[in-house]
Amino acid sequence: MDQIFHFCCSLLQPLPQNRALVLGIVGVQGSGKTTLARHWVTYLAQQQIPAVGLSLDDFYYPDPVLQNLRATQPHLIHRGPPGTHDVALALKTLQALKNQGIGGWIPNYDKSAHQGRGDRWHWVAAQPGMHLKGVVRQGYLYLMQVDLEGQPLPLPDSGSPIPIAYFAKELRCYLDQIEHFSLWITAETALWQLGAHRLSYPLQQMPLGWRWIPTPVRVVLLEGWFVGCRPIADQGFDQAPWPVDTAQARTQARVINRDLALYVPLWAELDHLILLWADFRWSHPWRAKAEETALAQGKMGMNAAQLEEFMLYFWRSLHPELFLRPLRTSADVVITLDAEHRIVDCAKLTKDGM
């Protein structure tokens, strides 16, 4: 990963003067997109360059919206393909960061919510100095006010209220009995005021929520498994590779291909695109290893049969050979990996792809 990072660092020079530089990172699942983005944000912070990392996953629709989509568009079995993201929110967020507006919220999708179905909460990530107020209604917490160091902040744009069931038993018994809550975030704990009771709650057990970015950033990193991918002609599916090899699979692929067109304005905000290129079939064992680790740690994960169905679903949605391979001649940097995540080749491409 260090070698990839240093090879790509030339893309940061020079940084634009009046806006943030936006870098896209794309690759099959398990190729290292998130790790590369995290590495960059840490390095830039050490260089006193404010940076923020975004994932396309952050912009999944809230669970009620996804549930309605599945009812009307049965091909959207899982979140992930084009059509399951709030592209308008993603574009608004990226443009605000790019244009260096001071202060703003970045959504954070909680994939563990609803037994792994996932949700975006109308909540905020715990940050020292924050004071939150809200109400409790019919088993849900509704956020009504957020202050930071005594200064009021706008509320996040959207999301689902948090069910009381999300919290530990010792907190739930009090939440069930009150109508209003108040919450102070310190460096180590969350201090709840629940009626006449005050409780201290570990920060690491607080719900995931929108992140507040208080200052302008200079670099924005957007990573995801189809960042920068563009629709192809319908004829491209006539002889599509496995597993897009049935009439039903080709029909599904064509529908998702049309949904991909909605994301093109988002890709237009990218200054550079980095492709982590690998044989798409290697993403299966890479993901299997991650699932095995999660299950061994007592976390939620997929068994072998579930993972097989999951990977086939994504390959049928946007097949890497049809959508990632064209980026080998259009991305600004192409990093080729082998089955062990070792770098086989690094290439910087000129504007004409040569």
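Sequential numbering from 1 along the given sequence is applied to the chain's residues.
- In this structure, Tyr140 places its OH atom where only 12 or fewer heavy-atom neighbours from other residues, nucleotides or ligands lie under 6.0 Å away.
- One N or O on the side chain of Asn303 and one on the backbone of Gln306 form a donor-acceptor pair closer than 3.5 Å.
- Closest non-hydrogen pair, Phe181 versus Leu194, comes out as CB-CD2, 3.7 Å.
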### Task
In sequence, state the C-alpha distance, the side-chain angles, and the governing distance for Val333 and Cys346, and then conclude on side chain to side chain contact (heavy atoms under 4.5 Å, CB included).
CA-CA 7 Å; Val333 171; Cys346 298; over 6 Å; no
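- Taken to the nearest 0.5 Å, the CD1 atom of Ile213 stands 4.0 Å off from the CD1 atom of Ile106.
- Of the inter-residue distances, the one linking Ile256 atom CD1 with His319 atom NE2 reads 13.0 Å to the nearest 0.5 angstrom.
- Between Trp105 and His122, a ring centre-to-centre spacing not shorter than 6.0 Å is recorded.
- Atom CD of Gln239 is surrounded by 12 or fewer heavy atoms from other residues, nucleotides or ligands within 6.0 Å.
- The backbone N or O of Ile77 lies less than 3.5 Å from a partner atom in the side chain of Tyr313, making a donor-acceptor pair.
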### Task
Please report the C-alpha distance between Leu324 and Phe280 in whole Å, then the side-chain angles of each, then the deciding distance to 0.1 Å, and finally whether the side chain to side chain contact (heavy atoms under 4.5 Å, CB included) criterion is met.
CA-CA 9 Å; Leu324 288 184; Phe280 74 94; over 6 Å; no
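- A distance of 6.5 Å separates CG of Leu337 from CD1 of Ile343, quoted to the nearest 0.5 Å.
- Panel note: side chain Arg218, backbone Pro16; a donor-acceptor pair is recorded below 3.5 Å.
- In this structure, Trp225 contributes its side chain and Gly80 its backbone to a donor-acceptor pair below 3.5 Å.
- Note on Arg120 versus Asp57: no salt bridge recorded, every NZ/NE/NH1/NH2 to OD/OE distance being 4.0 Å or above.
- Leu175 and Trp184 fall into different hydrophobic clusters, where Ile, Leu, Val, Met, Phe, Trp and Tyr side chains are chained together by heavy-atom contacts under 4.5 Å.
- You'll find the side chain of His75 reaches within 4.5 Å of the side chain of Val255, heavy atoms only.
- Taking all atoms of both residues into account, the shortest heavy-atom contact from Leu155 to Met144 is CD1-O, 3.6 Å.
- Tyr174 and His197 have tilted rings, their planes meeting at an angle from 30° to 60° on a 0 to 90° scale.
- Judged by distance alone, with hydrogens and angles left aside, the side-chain atoms of Asn257 form no donor-acceptor pair with the main-chain N or O of Asp234 at under 3.5 Å.
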#### Entry: side chain to side chain contact (heavy atoms under 4.5 Å, CB included) between Thr84 and Gln73, intermediate numbers included
CA-CA 11 Å; Thr84 61; Gln73 302 180 50; over 6 Å; no
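- Remark: the backbone N or O of Cys173 is paired with a side-chain donor or acceptor of Gln177 at under 3.5 angstrom.
- Distance check, rounded to the nearest 0.5 Å: CH2 of Trp267 to CG of Leu91 gives 10.5 Å.
- Among Val227, Thr93, Leu94, the one residue that satisfies the side-chain contact (heavy atoms from CB on, under 4.5 Å) test with Leu266 is Leu94.
- Counting non-hydrogen atoms of other residues, nucleotides and ligands closer than 6.0 Å to CD of Glu179 gives a total of 12 or fewer.
- Taking both residues in full, the closest heavy atoms of Gly83 and Tyr263 are given as N-OH, 3.0 Å, listed atom of the first, atom of the second, then distance.
- Within the 4.5 Å cutoff, the side chain of Leu171 has no heavy atoms near those of the Gln205 side chain.
- When every heavy atom of Met130 is checked against every heavy atom of Val124, the shortest pair comes out as SD-CG2, 4.0 Å.
- Between the side chains of Gln145 and His131, no donor N or O sits under 3.5 Å from an acceptor N or O.
- With a 4.5 Å cut-off on side-chain heavy atoms, Ile185 and Leu183 count as touching.
- Following chains of ILVMFWY side-chain contacts shorter than 4.5 Å, one cannot reach Leu318 starting from Val244, and the two form parts of different hydrophobic clusters.
- The aromatic rings of Phe167 and Tyr201 sit perpendicular, their planes meeting at an angle over 60°, well past the 30° parallel limit.
- The main-chain N or O of Arg117 is found under 3.5 Å from a side-chain atom of Arg79 such that the two form a donor-acceptor pair.
- Ring centers of Tyr166 and Trp121: under 6.0 Å apart, within the cut-off.
- A distance-only check finds no donor-acceptor pair linking the side chain of Trp123 to the backbone of Leu143 [under 3.5 Å].
- At least one cation-pi condition fails for Arg281 and Trp242: the charged atom is not both under 6.0 angstrom from the six-membered ring centre and inside a 45 degree cone around its axis.
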### Message
Could you go through His284 and Glu308, starting from their C-alpha distance and side-chain angles, then the distance that decides it, and tell me whether this counts as side chain to side chain donor-acceptor pair (under 3.5 Å)?
### Response
CA-CA 8 Å; His284 189 288; Glu308 177 75 15; 3.1 Å; yes
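- At a threshold of 4.5 Å between non-hydrogen side-chain atoms, the residues Phe310 and Gln29 count as touching.
- Counting heavy atoms from C-beta outward, Ser158 and Trp210 have side chains that approach closer than 4.5 Å.
- Closest of all the heavy-atom pairs between Val52 and Val41 is C-CG2, 3.9 Å.
- Within the 4.5 Å cutoff, side-chain heavy atoms of Val28 are placed close to those of Trp286.
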### Message
Let's go through Leu23 and Leu12 carefully: what are the C-alpha distance in whole Å and the side-chain angles of both, what is the deciding distance for side chain to side chain contact (heavy atoms under 4.5 Å, CB included) to 0.1 Å, and is it a yes or a no?
### Response
CA-CA 9 Å; Leu23 302 178; Leu12 302 176; 3.7 Å; yes
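- In this structure the side chain of Thr336 reaches within 4.5 angstrom of the side chain of Arg328, judged on heavy atoms.
- From Asp86, atom CG reaches atom NZ of Lys92 across 9.5 Å, with rounding to the nearest 0.5 Å.
- What you find for Gly30 and Lys33 is that their closest heavy atoms are N-NZ, 4.4 Å.
- Trp315 places none of its side-chain heavy atoms less than 4.5 Å from the side chain of Pro241.
- Checking side-chain atoms of Gln13 against main-chain N and O of Ser10 turns up no donor-acceptor pair under 3.5 Å.
- With hydrophobic clusters built from ILVMFWY side chains whose heavy atoms lie under 4.5 angstrom apart, Tyr60 shares a cluster with Met302.
- Atoms CD and CZ, from Gln252 and Phe237 in turn, are 10.5 Å apart once rounded to the nearest 0.5 Å.
- Between the side chains of Ser160 and Asp119, at least one donor N or O lies within less than 3.5 Å of an accepting N or O.
- Following chains of ILVMFWY side-chain contacts shorter than 4.5 Å, one cannot reach Leu208 starting from Leu148, and the two form parts of different hydrophobic clusters.
- Lys98 places no side-chain N or O within 3.5 Å of a backbone atom of Val22 that could act as its donor or acceptor partner.
- Note: the hydrophobic cluster containing Leu191 does not contain Leu132 (ILVMFWY, side chain heavy atoms under 4.5 Å, direct or indirect links).
- For OH of Tyr43, the number of neighbouring non-hydrogen atoms (other residues, nucleotides, ligands) closer than 6.0 Å is 12 at most.
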